[in-house]
Amino acid sequence: MLENVPDVLTLQDLRDTLQIGKNSALSLVQDNMIPARKIMGKWRILKEDVIEYILHT
């Protein structure tokens with residue numbers, strides 16, 4: 001699943017993968033629905049966490 005997606009996603013990668021807008025993607029990470037970390041001011045999301053989110057929604 002998601003073979004062409006990098007192991008660590010940016011917020012833009014998340015938007016592209018889930019085909020959602022900026023506000024929706026930001027809400028998912030800020031509300032911890034998809035675990036994410038801010039590194040040097042930019043969101044980083046593990047692909048495995050995105051897969052987990054997809055499987056459980």
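With hydrophobic clusters built from ILVMFWY side chains whose heavy atoms lie under 4.5 angstrom apart, Leu9 shares a cluster with Ile20. Placement of Leu28 and Leu55 within a single hydrophobic cluster is found when ILVMFWY residues are connected by side-chain heavy-atom separations under 4.5 Å, directly or transitively. Linking Ile, Leu, Val, Met, Phe, Trp and Tyr residues whenever their side-chain heavy atoms come within less than 4.5 Å leaves Val8 and Leu2 in two separate clusters.
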Could you walk me through whether Tyr53 and Asp49 satisfy the side chain to side chain contact (heavy atoms under 4.5 Å, CB included) test, starting with their C-alpha distance in whole Å, then the side-chain angles of each, then the deciding distance to 0.1 Å, before giving a yes or no? CA-CA 6 Å; Tyr53 172 77; Asp49 291 329; over 6 Å; no
In sequence, state the C-alpha distance, the side-chain angles, and the governing distance for Val29 and Ile45, and then conclude on side chain to side chain contact (heavy atoms under 4.5 Å, CB included). CA-CA 8 Å; Val29 297; Ile45 306 111; 4.0 Å; yes
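Atom CG of Leu14 is separated from atom CD1 of Ile34 by 5.0 Å, given to the nearest 0.5 angstrom. Taken to the nearest 0.5 Å, the CD1 atom of Ile39 stands 6.5 Å off from the CZ atom of Arg44. Expressed to the nearest 0.5 Å, how far CG of Asn32 lies from OG of Ser27 amounts to 12.5 Å. Taken to the nearest 0.5 Å, the CG atom of Asp16 stands 7.5 Å off from the OG1 atom of Thr10. Taking CD of Gln12 as the start and OG1 of Thr17 as the end, the distance is 9.5 Å to the nearest 0.5 Å. Between atom CH2 of residue Trp43 and atom CZ of residue Arg37 there is a gap of 10.0 Å, rounded to the nearest 0.5 Å.
In this structure, the side chains of Val5 and Asp13 stay at 4.5 Å or more apart for every pair of heavy atoms.
Of all non-hydrogen atoms in Arg15 and Lys22, the two that sit nearest each other are NE-N, 3.3 Å. Residues Lys47 and Glu3 come closest through the heavy atom pair NZ-O, 4.5 Å.
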